Amino acid sequence: LAPDDFNAAADVFLFDRNQNRLTLISATPAGRSGNGASLAGGFDPESGRVSFLSRASNLVPGDGNARWDLFAHELSTGQTTLVSPLGDGATSMSPVSEPRISPDGRHVVFRSRDARLGSQGVFVDFNLFRYDVAGQSSICLSTNLPEGLPGNWTLHDFASSPDARYVVLTASVVPAR
């Protein structure tokens with residue numbers, strides 16, 4: 001679809017229908033397609049940010065984990081930022097999924113198995129995290145749920161308010177035996 005797309009994998013594009021222009025979003029700093037598949041996540045036209053998932057390891061420097069990572073792309077500058085880093089700058093060794101970008105573009109809420117992204121949540125598999133794009137930090141949103149719930153809880157789906165103060169969860173439990 002784009003002249004710099006040579007990776008034979010899925011990529012994320014932005015199509016401007018008014019200007020009939022297609023832009024490769026999941027691109028390397030040199031503007032070429034990444035070395036792995038990418039999937040669209042979210043778009044906020046007011047902030048001009050696109051969030052997406054990618055297995056490519058060459059979209060930003062230092063991403064060498066060969067896992068699905070979460071990225072935010074700033075349309076005004078063309079800069080792509082790794083949204084699922086650890087506090088020490090290392091990348092998560094666990095895949096992330098289901099990114100949701102806030103209307104102001106400041107926060108991205110997503111699921112991950114990596115407890116190193118923030119305090120450990122109550123779910124046995126994926127937990128819910130919020131990345132602050134401006135502050136470049138992640139917190140676990142599923143830590144303040146009631147403690148001592150019996151069984152093993154699994155997070156299935158979620159929705160959140162723009163600031164992630166309120167989170168609607170679909171969860172199930174396998175009773176403890």
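This structure is a prediction, so every number in the text was calculated from the model and none was measured.
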- Message: Let me confirm one number: the OG-CZ distance from S33 to F13, rounded to the nearest 0.5 Å.
- Response: 8.0 Å
- Query: Between G36 and S54, what is the shortest heavy-atom contact and its length?
  - Reply: O-OG, 4.4 Å
- Query: Going from NE2 on H107 to OG on S138, what distance comes out if it is rounded to the nearest 0.5 angstrom?
  - Reply: 10.5 Å
- Contact check, side chains of F52 and T80, non-hydrogen atoms, under 4.5 Å: yes
- Query: Does N58 use its side chain to pair, donor to acceptor, with the backbone of T28 at less than 3.5 Å?
  - Reply: no
- Task: State, yes or no, whether a side-chain contact exists between V109 and L128 at a heavy-atom distance under 4.5 Å.
- Result: yes
- Heavy-atom pair with the smallest gap, counting every atom of S57 and N35: N-OD1, 2.8 Å
- Task: Using modelled atom types only, decide if a donor and an acceptor are shared between the side chain of N7 and the backbone of G34 within a distance under 3.5 Å.
- Result: yes
- Under a 4.5 Å cut-off applied to non-hydrogen side-chain atoms, are I139 and D132 in contact? no
- From D16 atom CG to L22 atom CG, the distance as rounded to the nearest 0.5 Å: 10.0 Å
- Message: To the closest 0.5 Å, what do you measure between CG (D69) and CG (L59)?
- Response: 9.0 Å
- Would you name the heavy atoms of S38 and W68 that are closest together and state the gap between them? CA-CZ3, 4.3 Å
- Query: Hey, does the side chain of S161 reach the backbone of Y166 with a donor-acceptor pair shorter than 3.5 angstrom?
  - Reply: yes
- Kindly compute the distance separating CZ (R100) from CG (L70), expressed to the nearest 0.5 Å. 11.5 Å
- Message: Looking at S26 and D11, would you say the former's side chain and the latter's main chain have a donor-acceptor pair under 3.5 Å?
- Response: no
- Message: To the nearest 0.5 Å, what is the distance between CZ on F110 and CZ on R130?
- Response: 11.0 Å
- Item | Minimum side-chain heavy-atom gap F71-V12 below 4.5 Å | no
- Heavy atoms of V50 and F43 approach each other most closely as CG2-CD1, 3.5 Å
- Message: To check you understand the geometry: which heavy-atom pair defines the closest contact between R49 and R106, and what is its length?
- Response: NH1-N, 3.7 Å
- Task: Would you name the heavy atoms of R111 and H156 that are closest together and state the gap between them?
- Result: NH1-O, 3.2 Å
